[in-house]
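Remember, it's 1-based here, ligands and their atoms both numbered in the order they're listed. All heavy atoms count here, side chains included; hydrogens, waters and symmetry mates do not.
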Amino acid sequence: MLFDFARMSARDCYKLLIATITPRPIAWVVSRNSKGQLNAAPFSFFNAFSGDPPVVGIGIGSHEPGRPKDTRRNISETREFVVNLVSEAAAMAMNITAIDFEPGVNELAQAQLETLPSIHVKPPRIAVSPVSMECALLQIVELGPENALVLGRVLAMHVRDNLILDPARHLIDTPNLKLIGRMHGTGWYARTSDLFQMDRIPRADWPLREGITAGSET
Ligand SMILES: Cc1cc2nc3c(=O)[nH]c(=O)nc-3n(C[C@H](O)[C@H](O)[C@H](O)COP(=O)(O)O)c2cc1C
């Protein structure tokens, strides 16, 4: 079936995007407004976009027309934020911080989340998160009247000590981060525990040896 986005409502386009582009990693963003009030909220329109410079991007909408989500307003005011990644253990706390609280409500307090200080930016990081990235605003790309892509340069990454396999080689125990991803619909999530490995194919090895084809099972 063809879905022609030009003929569809914004709501229906959104439904198709989130039902298909899965799983999506979750940025659990801590920001501060110009008065110093803290805010936390999850965003799954999120990914890394460049290693050099190290850049992450987050798509942040509005609560209602003309009222950008507090995270976007805070970041445009103070130009700093922390992206925390979400492990299975923190799923419920993350969900609490997504409640549509009034501006000025500290979701970290509502979810009883402990924080740890950041080094380069004022917003703190979430202690329960295995990975936190301190970010400086690079650019806000306005995508439409109610949505924007917030690009942040990663200034530093904190990784919990017991999740580092080899500090000298910057090797992380990724499976043990036990991160969750957002799936379809309103409440579906994925664990990252069902893994398989597939090495890149050097040019010299293509075509593959007899018996291994593009259709082979992994
Ligand atoms: C797992 C999850 C992912 C979400 N992803 C997004 C997103 O990518 N963009 C967005 O605008 N809202 C997203 N939301 C909704 C926001 O978290 C929610 O509107 C929140 O109240 C915004 O908080 P704020 O106004 O304090 O920034 C998501 C919610 C959940 C639970």
Practice item. Would you mind checking which non-hydrogen protein atom is closest to atom 27 (O) of ligand 1, with the distance to 0.1 Å? Key: Thr71 OG1, 2.6 Å
Review point. Considering Asp70, Ile60, Ile99, Ile18, which one's heavy-atom position lies nearest to atom 24 (P) of ligand 1?
Key: Asp70
Revision key, fill the gap. Among Ala27, Gly59, Pro68, closest by heavy atom to atom 9 (N) of ligand 1 is Gly59
Review point. With a 3.5 Å cut-off and no angle check, do the side chains of Arg160 and Ser129 form a donor-acceptor pair?
Key: no
Point to revise | Nearest neighbour of atom 7 (C) of ligand 1 from the list Phe101, Phe43, Trp188, on a heavy-atom basis | key: Phe43
Review point. Are Ile140 and Val83 joined in one hydrophobic group, where the rule is that I, L, V, M, F, W and Y side chains link up if heavy atoms are under 4.5 Å apart?
Key: yes
Practice item. Mark up the atoms of ligand 1 that fall under 4.0 Å of a heavy atom belonging to Glu107, in ascending order. Key: 26 (O)
Exercise for review: Kindly give the heavy-atom pair with the smallest separation between Leu151 and Leu137, and that separation in Å.
Suggested key: O-CD1, 3.5 Å
Point to revise | Pairwise distance NE2(His120) to CZ(Arg153) - rounded to 0.5 angstrom | key: 11.5 Å
Check your understanding: Can you tell me how far the OG atom of Ser9 sits from the NZ atom of Lys15, to the nearest 0.5 Å?
Key -> 8.0 Å
Point to revise | Protein heavy atom at shortest distance from atom 11 (O) of ligand 1 | key: Gly61 N, 2.9 Å
Exercise for review: If you have a sec, work out which protein heavy atom is nearest atom 8 (O) of ligand 1 and how many Å separate them, to one decimal?
Suggested key: Phe45 N, 2.9 Å
Review point. Is the shortest N/O to N/O distance between Lys69 and ligand 1 below 3.5 Å?
Key: yes
Review point. Is any N or O atom of Ala41, backbone or side chain, closer than 3.5 Å to an N or O atom of ligand 1?
Key: no
Exercise for review: Between Arg182, Arg24, Glu102, flag the one that comes closest to atom 3 (C) of ligand 1 by a heavy atom.
Suggested key: Arg182
Point to revise | Nearest non-hydrogen partners of Ala111 and Ala93, listed with the distance | key: CB-O, 3.8 Å
Check your understanding: Quick check: are there more than 12 heavy atoms from other residues, nucleotides or ligands sitting under 6.0 Å from CD of Gln112?
Key -> no
Exercise for review: Check whether any N or O atom of Ala98, backbone or side chain, sits under 3.5 Å from an N or O atom of ligand 1, and answer yes or no.
Suggested key: yes
Exercise for review: State whether the shortest distance between N or O atoms of Thr97 and N or O atoms of ligand 1 falls below 3.5 angstrom.
Suggested key: no
**Study point:** Any Arg72 heavy atom less than 4.0 Å to ligand 1
**Key:** no
Point to revise | Sole residue of Asn74, Asn106, Thr71 in side-chain hydrogen bond (donor to acceptor under 3.5 Å, both in side chains) with Asn39 | key: Thr71
Check your understanding: If you measure from atom 30 (C) of ligand 1 to every heavy atom of Ala148, Pro42, Ser31, which option wins on shortest distance?
Key -> Pro42
Review point. Are any of the N or O atoms of Ala40 closer than 3.5 Å to those of ligand 1?
Key: no
Check your understanding: Is a side-chain donor-acceptor pair under 3.5 Å present for Ser44 with Arg24?
Key -> yes
Check your understanding: Can you find an N or O of Asn95 that's nearer than 3.5 Å to an N or O of ligand 1?
Key -> no
Exercise for review: Could you list the atoms of ligand 1 found under 4.0 angstrom from a heavy atom of Asn39?
Suggested key: 24 (P), 26 (O), 27 (O)
Review point. Just checking, is any N or O donor in the side chain of Thr97 or Glu107 under 3.5 Å from an acceptor N or O on the other one?
Key: no
Practice item. Could you establish whether Arg73 and ligand 1 come within less than 4.0 Å of each other, counting only heavy atoms on the residue side? Key: no
Check your understanding: Phe46: heavy atom below 4.0 Å from ligand 1, yes or no?
Key -> no
Check your understanding: Do other residues, nucleotides or ligands put more than 12 heavy atoms under 6.0 Å from the CG atom of Asp194?
Key -> no
Exercise for review: Do me a favour and list the nearest non-hydrogen protein atom to atom 5 (N) of ligand 1 with residue, atom name and distance?
Suggested key: Ser44 N, 2.9 Å
Point to revise | For Phe81, the option from Ile58, Val121, Val30 that meets side chain to side chain contact (heavy atoms under 4.5 Å, CB included) | key: Ile58
Practice item. Please could you name the atoms of ligand 1 that His63 approaches to less than 4.0 Å, counting only its heavy atoms? Key: 19 (O), 21 (O), 22 (C), 24 (P), 25 (O)
Check your understanding: Using 4.0 Å as the upper bound for N to carboxylate O, is an ion pair formed by Arg191 and Glu88?
Key -> yes
